[in-house]
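Below is one structure, written out as structure tokens, with a few remarks after it.
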Amino acid sequence: MSETGEPREIRNFGPELDFVKPDNDVLIVKLFGTWKIGSQVPGFNRLTKELEKDSLIRKIRFDSSGLGRWDSILITFLLKIANYCEQKQIELTTEGLPEGVINLCKLASSVPERTAIRTSQIKLSLTTRVGIHVARIWGSIAETITFVGEIAIDFFRFLTGRARFRWSDLLLIIQESGAQALPIVSLISLLVGLILAFVGSIQLKMFGAQIYIANLVAIAMVRAMGAIMTGIIMAGRTGASFAARIGSMQVNEEIDALKTAGLPPMEFLVLPRIIALAVMMPLLTLYANLMGILGGMIVGVGGFDIGIREYLNATKGSLTLTTVGIGLFSSFIFGILVATAGCLRGMQCSRSASAVGEATTSAVVTSIVSIIIATAIITIGCNILGI
Amino acid sequence: MIGEVQKQNKDKAVFEPIIVVEDLTMAFGDNVIQRDLTFTINRGDIFIVMGGSGCGKSTLMRNLIGLQRPARGKVFYDKESFWDIEESERERILRRIGVMYQGGALWSSMTLAENIMLIIQEYQKIDHDQALELASLKLALVGLAGFEDYYPSEISGGMKKRASIARAMALDPEILFLDEPSGGLDPISARMLDDLILQLKSSMGTTVVVITHELASIFSIGNDSVFLDTESKTIIASGNPKKLLEECDNDTVRRFLTRGASEPRIQAIGRA
Ligand SMILES: Nc1ncnc2c1ncn2[C@@H]1O[C@H](COP(=O)(O)OP(=O)(O)OP(=O)(O)O)[C@@H](O)[C@H]1O
Ligand SMILES: [Mg+2]
């Protein structure tokens, strides 16, 4: 460090303060040793105590001849002194401090502090908080309705051939959300078929009615489980990825860039995703149905000595076009729900990385909840209609 | 140490190399970005890295701060070969370095003060209040006093730049890397930033490596530089930027330093 003839030892000590009073109204603050981040800095109250002890003091000066290495910690200390002196109207002379220290202090205090108003710091009463919450829920309902409305309008534009999006985008999304989902759909629906068959067989065996395993698996899969399981897989796989994708576009200002380029993000990003899932979900469900039946057949044929032909005939006999239709209709609805939830949460995402995570989670939750609600509505509806 | 540096700067006789780059070649797979870069950064330098957009300046920085291994060549910090030493040794060197990334890279889930405090508290045993004071000081130095509780998403682009410079300064680093610090700043803020950089150098002896296109700051703060060329993929000029403007014969460099205003030198001479 600077070599000004002081004994070396003093400079290598930790930070230390000392006070000298050459006159009645002057206090000299002597700074010693190394002032570095992490070293034990003397308490600021030592200075204030010194000043309170002697209320005559009107001037503060510094003596830094014993000062060794220093960094920002010294600056923060001096700035605190400066602040205090200003309040107590004590005159502060910076002479005696190293030039670098003076300059950094000046730089740090050159910009007037802005009084930042932050709403989060204001304490709110319970009623206000409840009110704000209700208003927020209402706002999000309104937002969702607007979103759905816009989708409907855009879909109409699509039907009349006026929607603007890139067909290559649509095909890519179809590939990503359709073909690439086949392995996981196969696995899950095969296992669901197996499970249904096993669970059912325990009951049916008591009556010697094993052959009805085929009916049970076929109807359960085709009418409800195929669509629901595919829906849930797609919610976790594709809905989440839609939300993350659109959300991070929001973060990178890509959505803003689309808007300013005159490409409405609803048409450009949301519409192709909804179309893709609306088309692919029924196809995936059809495939899931087949896999489920296969799973049931493995159990029935392998475990309960039903012939393959016998099993297939029983399956065929139990299925009607209505059953298949209801399953496919549900899956079509689920596809639209999952895509809408994913895109909605993505579009609502605010501009930070953590918001993308929240959007993804919320997309999955929204999709699954809406799938279950939709299933309930469809089931009750079918009941009323008697199909 | 500070005294020594100041003394050195005064008589300009002793240069103490702090970063030495030898035959550095950078590549992404087979795509070579820059090759055979050799230069020395001395303690207390304000070292400018310039060059056209996409020539590999940010990539060079990533090679120097341990984010990307050079395809070939060596980087020495105080005679230690950065890429040949143990991971833990590398971390020790990195602690002496503060980095500001081109895009800011502020952690978006934390307030500005927390962004800075996280670094301080990671490396120093220091209580919360003191860390907050330090963070406020750093923010004040870049003109963001009073913005401690703001989140990065709540401030403007230029403010993000300044906040990330404040974060780079968190630990009073010996070496400060700044990737385009003045991009997106108004002339006054940019000027303020130049003053800050000069101040850090003179009062704390900080070595500053600045990647920049800003001609005003190149000439006012830089005392050494390298110019990376996109065409030949290597350094085509180096030295004090002011001298380069006077003496350099290379057309690309001249046009860069005069914002394209100067005619190629040979033509100009021919005409005269
Ligand atoms: N992750 C990467 N993979 C492959 N190539 C890359 C990658 N990052 C950068 N490049 C290439 O390396 C080159 C240099 O990029 P770099 O970001 O270093 O440029 P730069 O000089 O900092 O430009 P600018 O002034 O615009 O910031 C570019 O041509 C870029 O295409
Ligand atoms: Mg760059």
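This one's a predicted model, so the numbers in the text were calculated from it and none came from an experiment. Lettering of chains follows the sequences in order, A, B, ..., and the numbering in each one begins at 1.
Atoms NZ and CG, from K106(A) and D195(B) in turn, are 12.5 Å apart once rounded to the nearest 0.5 Å. In this structure, OG on S352(A) lies 11.5 Å from CE on M110(B), to the nearest 0.5 angstrom. For the atom pair CD of E133(B) and CG of L79(A), the computed distance is 9.5 Å after rounding to the nearest 0.5 Å. The CG atom of L107(A) lies 5.5 Å from the CG atom of L141(B); values are rounded to the nearest 0.5 Å. Y151(B) contributes atom OH, which lies 11.5 Å from atom OG of S350(A) (distance to the nearest 0.5 angstrom).
Interface check for chain B: of the options I102(A), I37(A), D71(A), the most heavy-atom pairs under 4.5 Å are formed by I37(A). For the set Q130(B), K125(B), M169(B), the count of heavy-atom pairs under 4.5 angstrom toward chain A peaks at Q130(B).
Annotation: ring-ring contact (aromatic ring centres under 6.0 Å, His included) contacts of F47(B) (sequence neighbours excluded): F39(B).
Within 6.0 Å of NZ in K88(A) there are 12 or fewer heavy atoms belonging to other residues, nucleotides or ligands. The number of heavy-atom neighbours closer than 6.0 Å to CD1 of I188(B), taken from other residues, nucleotides and ligands shown, is 12 or below.
Interface residue I73(A): backbone and side-chain heavy atoms are both found under 4.5 Å from chain B. In this structure, chain A has no heavy atom under 4.5 Å from any part of A135(B). Interface remark: L139(B) contributes no atoms to any contact with chain A (heavy atom separation under 4.5 Å). Contact annotation for I126(B): only side-chain heavy atoms (C-beta onward) come within less than 4.5 Å of a heavy atom of chain A.
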Practice problem: Evaluate the criterion side chain to side chain contact (heavy atoms under 4.5 Å, CB included) for residue pair M204(B) and L104(A); output intermediate values, then yes/no. | Solution: CA-CA 10 Å; M204(B) 299 183 132; L104(A) 281 180; 4.1 Å; yes
Show the atom names and distances, to 0.1 Å, of all donor-acceptor pairs under 3.5 Å that link a side chain in residues 85-100 of chain B to residues at least two apart or in another chain.
residue : atom : partner : partner atom : Å
E89(B)  : OE1  : R92(B)  : NH2          : 3.0
R90(B)  : NH1  : F82(B)  : O            : 3.3
R90(B)  : NH1  : I85(B)  : O            : 3.4
R92(B)  : NH2  : E80(B)  : OE1          : 3.4
R92(B)  : NH2  : E80(B)  : OE2          : 3.2
R96(B)  : NE   : E174(B) : OE1          : 2.9
R96(B)  : NH2  : D78(B)  : OD2          : 2.8
R96(B)  : NH2  : E174(B) : OE2          : 3.2

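At least one donor-acceptor pair under 3.5 Å links the side chain of D172(B) to the backbone N or O of S72(A).
With no hydrogens or angles considered, no side-chain donor-acceptor pair links S203(B) and N103(A) at under 3.5 Å.
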